[in-house]
Amino acid sequence: MATTNDLKKGMCITFKDEPHLIIEKTFVSPGKGSAFCRTKLKNLRTKYVLDFTFKSGEKIEETPLHTAEFQYLYQQGNEFVFMNPRTYEQINLTEEMLGNFKHFLKEGDSYQIYMLEGEPITFRAPQKVRLKVTEAENATKGNTVTSTTKPVKVETGYELQAPLFVKTGDVIVINTETGEYVERA
Amino acid sequence: MAKISIIKDREKIIDIVRAFFKVRGFVEVETPLLVSAPDPSPYNEVFETSKVRGKRAFLTPSPEFFMKRLLAQGANNIFQICKAFRNPQELNPFHNPEFTILEWYRVNATYTDLMVDCENLVSHIFKSLSKQIKSEKLKNSMSYLGKKIDITLPWPRISVKEAFNKYANVDLDEFMDLKTAKRIAQNKSYKVEKETTWEQLYHQIFLNEIEPNFPKDKPLILFDYPAPLAALSQIKKTDPRYAERFEFYIGGVELGNGYSELTDSKEQKKRLIGDLKERKKLCMKTFPYDRKFVEALKSIPKTAGIAVGIDRLIMLFTNSATIQEVLPFPANDIFTP
């Protein structure tokens, strides 16, 4: 059985008989040798978020999640529709589940999604993505004096600041957490 | 990493603190950071350095023992602003392994005198920083992370016993007994096992049900800790189940921890040995206890002392959410993976 030492952000545990996702985790040691593990838990059934502090070393029950590969189809209002390419089963992910990654979804590409009992739980976002630049202004002599970056647009429609040498048709690497330019691929 | 503007505010706040104590007749002292017998309280690991004259040496987790030795030598009211070192299990928004601590000691005083000092100190920093603000309305209201905090004196005070009753519906007098504590915790559906200790149950209820519910629109003084959590404080003469220890919170952040100091050298020796045993059980570093400190307590006057986290105080007055934002070079920038 797992203990609080194994707790990780993104892990799923059974807490008070319900599946909970760990959103945040920090250690606290208020005194006298006892250490604690402060967490933010999200009930996966009710979506209710609560704070709970475990005793360090306390036994916890991990809920096994499995990842499944899904193909991104299209956006429908605030939801994003994915399809299992083997079973053709379709699932919807919310904007909240995708977080910042909603800017980087490419139609037709495959992504990993954590599942519990057939229900999508979280999106496993890659740290970096490679996307093609579809719009980039030519760096004019004028802006090089005042700035070293310029706005560019990538194939998913997302806009960001990139160095002046980036041009339309280049493939660039973007950090999906910060949404910032990393390098030219 | 702190912005230059915050580094300047840091200097300003530390100057104000220093002047506050000097004007009140406190003498500023300096005690060693490199020590041979650190405070063994087992909640944080100490840093050990290379040997000095063949003896093991440590970076001090607190200047307390040496300041008390000065008191025993006849120093009157004293204060110190220095570095202290504690190795936390992980870095978080409130902890850096090297931090700045403010400690002051008042002779012939008790913890209630220190509570008044804390109120006056915070109020004095606030007034000194906001001299330019003319509006009467703003006078006692500071803003931290988008929330208003009314620091009008005196601050609300609540005993630990009252807090357990009010926020967790637990009678702390009953809870003091381990068996009863286990039953109460179990009824609240906390995990209780054979080896679960009283401190663990106390803190689990405190951290889950009490601390998060403290009002954040005013400072709060939490006082009279259960005797097992006395640390270096004196047990209450009127009720030996509790100790004259307090902590104060502003905006939900714990800023300081003060005591009517334990002056009984025999009892002190017992507690140090107890802490060292606890460290051994927890597989932490052990070392001989500080005999010179214990010896000095035989001639220490009645005194009250407190430690305040200067970095946290600066967080509060610079509207910073993390300790890293008020340190020019926080540990996570120095010790990169």
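In what follows, chains carry the letters A, B, and so on, assigned in the order in which the sequence lines appear, proteins first and then strands, with residues in each chain numbered from 1. Values reported hereafter were calculated over all heavy atoms of this structure, with side chains retained and with hydrogens, waters and symmetry mates removed.
In the displayed structure, K269(B) atom NZ is contacted under 6.0 Å by at most 12 heavy atoms of other residues, nucleotides or ligands. Residue E96(A) places its CD atom among 12 or fewer non-hydrogen atoms of other residues, nucleotides or ligands, all under 6.0 Å distant. Residue R130(A) qualifies as open at atom CZ: its count of foreign heavy atoms under 6.0 Å is 12 or below. Within 6.0 Å of NZ on K132(A) lie no more than 12 heavy atoms contributed by other residues, nucleotides or ligands. Taking a 6.0 Å sphere around CD of E48(B), one finds it holds more than 12 heavy atoms contributed by other residues, nucleotides or ligands. For CG of D217(B), the number of neighbouring non-hydrogen atoms (other residues, nucleotides, ligands) closer than 6.0 Å is greater than 12.
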In a table with atom names and distances, give each donor-acceptor pair under 3.5 Å that connects a side chain of residues 253-262 of chain B to protein atoms at least two apart or in another chain.
from    : atom 1 : to      : atom 2 : distance (Å)
E254(B) : OE2    : G256(B) : N      : 3.3
N257(B) : OD1    : R245(B) : NE     : 3.1
N257(B) : ND2    : Y259(B) : OH     : 3.4
S260(B) : OG     : Y111(B) : N      : 3.0
S260(B) : OG     : E244(B) : OE1    : 2.6
E261(B) : OE1    : K68(B)  : NZ     : 2.6
E261(B) : OE2    : G305(B) : N      : 3.3

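The minimum heavy-atom distance between L207(B) and F36(A), with the atom names listed, is CD1-CG, 3.6 Å.
Y289(B) pairs by the ring-ring contact (aromatic ring centres under 6.0 Å, His included) definition with nothing, not counting sequence neighbours. Applying the ring-ring contact (aromatic ring centres under 6.0 Å, His included) criterion to Y242(B), with sequence neighbours excluded, gives no partner residue.
Within the 4.5 Å cutoff, the side chain of D51(A) has no heavy atoms near those of the P212(B) side chain. Contact of the F27(A) side chain with the N92(B) side chain is not registered, since no non-hydrogen atoms from C-beta on lie closer than 4.5 Å.
With a 4.5 Å cut-off on non-hydrogen atoms, K16(A) touches chain B through its side chain but not through its backbone. Contact of E211(B) with chain A is made through the side chain alone, with heavy-atom distances under 4.5 Å.
Against chain A, the residues from residues 185-197 of chain B that qualify, each with a non-hydrogen atom under 4.5 angstrom away, are S189(B), Y190(B), K191(B), E193(B), T196(B) in number order.
Test H203(B), Q204(B), E199(B) against K55(A) for side chain to side chain contact (heavy atoms under 4.5 Å, CB included) and you get one pass: Q204(B).
Residue H95(B) holds its NE2 atom at 6.0 Å from OG of S29(A), rounded to the nearest 0.5 Å.
For the residue pair Q200(B) and E58(A), no side-chain donor N or O sits within less than 3.5 Å of a side-chain acceptor on the partner.
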